[in-house]
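What follows is a short report on a single structure.
Chain letters run A, B, ... following the sequence lines, proteins first and then strands; every chain starts at 1. These numbers come from a predicted model, not from an experiment.
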Amino acid sequence: MLELAYVREHLERVKKSFHDRGLGGAGLDEFMARDQERRDAITQVETLKAERNRASGEIGRLKKEGQDASALMAQMKETSARIKQLDKRAAELDQEMKDFLLTVPNLPHQSVPVGRSAADNAEVRRWGEPPKFDFEPKAHWDLGPALGILDFERASKIAGARFVLYSGLGARLERALANFMLDLHTRKHGYTEVLPPFIVNSTSLVGTAQLPKFAADLFKLEGTDYWLIPTAEVPVTNMFRDETLDADQLPLKLVAWTPCFRSEAGSYGKETRGIVRQHQFQKVELVKFVRPEQSYEELESLTREAETVLQQLGLPYRVVALSTGDLGFAAAKTYDLEVWLPGENGYKEISSCSNFEGFQARRAGIRYRLPGKKKSDYVHTLNGSGLAIGRTWMALVENYQQADGTVVVPEVLRPYLDGIERLERNR
RNA sequence: GGAGGGGUGCCGGAGUGGUCGAACGGGGCUGCCUGCUAAGCAGUUGCACUGGCUAAAACCGGUGCCGCGGGUUCGAAUCCCGCCCCCUCCGCCA
């Protein structure tokens, strides 16, 4: 969320942000008109309240002295009625403005390439060479079922479309990947592991900005205020909602392995094959709370930390900086990691690393205080996948496939799979 | 799910209709003191919105905030209603 005062004073910058993101600037001018109306109403009602407060004190004094206060009381009864009316109007305007502010996207950082869509994203760097095969490489949706480690039919019987069942070595590979990633981030990158609730309330979702705009992307539990998390970002960022952290706790780095649930409403017909786009998947998520002046170096290191997973697994990838047209609602800047997929002969997003600056912190009330300083300030929040496990599974199977349909297990993963060197049928 | 208790400032903890933004204690900050530290003394101590001043602050004023939302009243931390959360006991359960 942008601060009201900021929008008021930097209207042109906000309008430019809307434009760069490919949104109409509509609403902003009306918003400013509302702002003026609201401030006028507040001035008026506060004057009346001040008058009432004075009179109430006077009434108390008169009564104490045994004097008659009924005239003043009658007068204040009218004033109170008037206040009630004006208060209601001011509250309405206030609510309208808050609702609007919650739908205003974050301002893109100056370094973000201006563009209309993903086509305008800027490639930052590449790592690794796509493997060369002397046979026609298969997609994971052929390899997996053939190895008996992936079962789409039964998943769809149990739940429906866009679910998958991992079986045998497939399930163990998923778990091995999660453990490998968690170990890497906790042992080498200084993250603290947390295991949060997988269900959150709507306040938490407003805090990280999935609500109010993106309810359609989420699963809600009927008859409750509970929602399945679309990413660990939500519970982990909200750990410190309405809290003030000590500056010496920062940067605070947390890693969580959770399932993620996404309704993918409106995406039917898109990426229906394989495990690319599922209603449920697992992800190891990195979350940082940092001091504002450090957030951009922290974004770089966060991205590098996510990249380390791919490097250690030997999976070729590239890093792209999202353009303004592709940038998420809450993000000021985002790097996507895209892994090489032989089955698609192209790169596919496997991690998204973002700096939200104070956008989430303001919504969620996450502050920090410097020792000895009175005034607190909002932290900057960042997060990134480190990595999406389902997509890593998929990339690994495709990149390490052999002519005979088996899959070689990368060295670093073998300790997590009882030393197994190869995924074969009937294991 | 049932019964009971409770939610007050950074923390502990008073406060049952007016003089309460809130006693008292602790902590923090500032100054004094001190070779340094501790102790001691004095002062100070939240957030949001809003008006004035301003380049912007500082600053000065106003309003609101004692879990959240309503209500009663001239006036509510204090009374009434609804909701949320926490604790204890019982039941159930991995």
Side-chain angles (χ1 to χ4, degrees), chain A residues 1-13 31-102 195-207 211 221 223-227 235 238-250 259 358 361-379:
Chain A
M1 185 166 62
L2 304 180
E3 235 156 341
L4 172 58
Y6 184 91
V7 177
R8 191 185 293 145
E9 287 157 30
H10 302 84
L11 194 58
E12 290 315 309
R13 167 117 203 259
F31 177 75
M32 293 319 295
R34 281 302 148 89
D35 181 46
Q36 193 53 53
E37 196 185 337
R38 170 177 157 277
R39 287 200 283 169
D40 291 345
I42 287 172
T43 307
Q44 210 178 342
V45 76
E46 287 190 348
T47 307
L48 288 174
K49 281 182 179 174
E51 184 188 329
R52 181 179 68 183
N53 286 346
R54 271 194 299 275
S56 290
E58 183 64 18
I59 289 168
R61 211 156 28 246
L62 288 173
K63 286 198 159 181
K64 204 168 189 177
E65 293 164 9
Q67 300 190 47
D68 177 44
S70 54
L72 198 47
M73 282 168 64
Q75 195 187 331
M76 284 306 108
K77 195 178 177 80
E78 277 177 43
T79 303
S80 275
R82 179 95 183 102
I83 286 171
K84 203 166 179 176
Q85 240 176 15
L86 283 169
D87 249 346
K88 197 180 164 205
R89 180 61 189 148
E92 276 169 14
L93 287 166
D94 198 53
Q95 192 57 50
E96 277 179 44
M97 299 193 55
K98 277 184 182 152
D99 290 348
F100 181 79
L101 271 182
L102 286 174
L195 202 166
F198 303 158
I199 293 176
V200 294
N201 56 37
S202 47
T203 307
S204 291
L205 286 158
V206 171
L211 290 181
L221 300 187
T224 70
D225 186 41
Y226 288 148
W227 308 68
N238 276 281
M239 280 171 63
F240 303 105
R241 171 151 45 85
D242 295 324
E243 292 190 29
T244 301
L245 305 166
D246 291 327
D248 55 20
Q249 292 177 265
L250 306 177
R362 282 188 293 272
R363 288 176 164 241
I366 308 169
R367 302 158 195 274
Y368 77 102
R369 195 191 314 276
L370 290 165
K373 267 208 154 185
K374 269 203 241 173
K375 197 83 178 155
S376 63
D377 194 8
Y378 291 106
V379 300

Give none if [N] has no partner; otherwise give the nucleotide forming a Watson-Crick or G-U wobble pair with it, both distances under 3.5 Å.
N     : result
B:U54 : none
B:G4  : B:C87
B:G69 : B:C81
B:A42 : B:U30
B:G25 : B:C11

Among [options], the nucleotide that comes nearest once only the side chain of [X] is considered:
X        : options             : answer
A:Glu46  : B:U72, B:G51, B:U63 : B:U63
A:Arg367 : B:U50, B:C74, B:C47 : B:C47
A:Arg38  : B:G18, B:U50, B:U73 : B:U50

Heavy atoms only, 4.0 Å cut-off, all strands: where does [X] land among base, sugar-phosphate and nothing?
X       : answer
A:Arg61 : nothing
A:Lys98 : nothing
A:Met73 : base
A:Ile59 : base
A:Ala50 : sugar-phosphate

**Request:** Answer yes or no: does a side-chain N or O of A:Asn53 lie under 4.0 Å from OP1 or OP2 of B:U63?
**Result:** yes

**Prompt:** Should A:Arg89 and A:Glu92 count as an ion pair when the cut-off is N to O under 4.0 Å?
**Reply:** yes

**Message:** Applying side-chain hydrogen bond (donor to acceptor under 3.5 Å, both in side chains) to A:Tyr378 and A:Arg362, what does each step give before you reach the verdict?
**Reply:** CA-CA 7 Å; A:Tyr378 291 106; A:Arg362 282 188 293 272; over 6 Å; no

